[in-house]
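To start, the structure under review is shown below, and the notes come after it.
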Amino acid sequence: MKKLLSFVLVLAMLSLGVLTFASCSVKEKFVIATSPDFPPFEYLEGKKVVGIEVEIMQNICEKLGKKAVFKQIDFDSVLVGVAAGKFDCGMSGITVTDARKENTLFTDPYCLAAQAIVVKEGSSITCKADLAGKKVSVQTSTTAEDFCLENDYDVLAFQANNDAELALVNGNVDAWVIDDLTAAKMVKEYNEGKEDNAKLKILSEAMTTEPYAFAFAFGNEELVKQINEIQKEMLEDGTIAAIFAKYDAPYTAPEAN
Ligand code: ARG
């Protein structure tokens, strides 16, 4: 009898243990640094970060069995923070460049974008060549800034993407250089309800090739390999293209890598 009692007791304790373990086994957090001023990739809906990359990342985290936690910071702090190990991952429409590869481990690119020129309707600037000697706004530490500095434009850099747009709207610069898909979203939103002559316009000359990927600190090679596998699956089964379609964004697949 005594034996039976202790057996039952042990059983009860065991199941209790299993229960508490189950309720405590919350998924490991995966902290993702992002600058949500970059529609349709990441932007705010109220206080919530939403967008193409948010959905891709949530998908990846689900497959990794981790809980995606998005931490909002300025774009120019994303890569530095990631490299310093402050975050698990950087997600910000980040273009893979050779210079960035020196301090950052990137996943394979999942799409291609390009830099675009935005001007006011009626502007005398109609192509890249017309930017020579002109004042151009960009977001700080972006590939747009690199591109404009390399071309010797008179560059005005802003921490927030919206301020780079505002500089053009207010006439403080002649043009605004920014990634094409984000230009399309922001200009569409700005133009809504405006008279034709007060609108912004995107010039159709694509000036660079920008492969987007997610950023990690060195030392995460195994994890990045795993994520590359997941990404590859999402590319092949059409998940990534479908996410772009959901946000009404044209999708360009990266070259096979
Ligand atoms: N693709 C560009 C770059 O990597 C711009 C990214 C800006 N991202 C943002 N979330 N504001 O430099």
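Each ligand, and each atom within it, is numbered from 1 in the order the structure gives.
Counting atoms of ligand 1 from 1 in the listed order, those under 4.0 Å from a heavy atom of Ile94 are 4 (O). Every atom of ligand 1 with a heavy atom of Thr95 under 4.0 Å away is listed here by number and element: 1 (N), 2 (C), 3 (C), 4 (O). Heavy-atom contacts of Gln139 reach the following atoms of ligand 1: 7 (C), 9 (C), 11 (N) (cutoff under 4.0 Å). Near Thr143, meaning under 4.0 Å from any of its heavy atoms, are these atoms of ligand 1: 1 (N), 2 (C), 3 (C), 12 (O). Every atom of ligand 1 is numbered from 1 in the order shown, and the set under 4.0 Å from a heavy atom of Asp37 is 9 (C), 10 (N), 11 (N).
Under 3.5 Å, the side chains of Asp180 and Gln115 contain no donor-acceptor pair of N or O atoms. Between Tyr110 and Glu53, the side chains place a donor N or O and an acceptor N or O closer than 3.5 Å (distance only, hydrogens not considered). Side-chain atoms of Ser35 and Glu42 include no donor-acceptor pair closer than 3.5 Å.
Remark: ligand 1 and Asp179 share an N or O pair separated by less than 3.5 Å (distance only, no angle test). Below 3.5 Å of separation, one finds no N or O of Thr142 facing any N or O of ligand 1.
Protein heavy atom in closest approach to atom 8 (N) of ligand 1: Ser92 O, 2.7 Å. Nearest to atom 7 (C) of ligand 1 among the protein's heavy atoms is Phe38 CE1, 3.4 Å. The protein non-hydrogen atom at the shortest distance from atom 10 (N) of ligand 1 is Ser35 O, 2.9 Å.
A salt bridge links Lys201 to Glu121: at least one charged side-chain nitrogen sits closer than 4.0 Å to a carboxylate oxygen.
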**Prompt:** Where do Asn103 and Leu79 land on the side chain to side chain contact (heavy atoms under 4.5 Å, CB included) test, with the steps shown first?
**Reply:** CA-CA 8 Å; Asn103 305 303; Leu79 288 173; over 6 Å; no
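A cation-pi contact, defined as under 6.0 Å to the ring centre and within 45° of the axis, links Lys194 to Tyr190.
Aromatic pair Tyr247/Phe41: ring centres not closer than 6.0 Å.
Paired with Gln231 under the rule side-chain contact (heavy atoms from CB on, under 4.5 Å), one option of Thr239, Thr107, Val224, Asn59 passes, and it is Thr107.
Under a 4.0 angstrom heavy-atom cut-off, Tyr212 registers as being in contact with ligand 1.
Scanning Glu210, Gln115, Glu145, Arg100 for the heavy atom closest to atom 4 (O) of ligand 1 points to Arg100.
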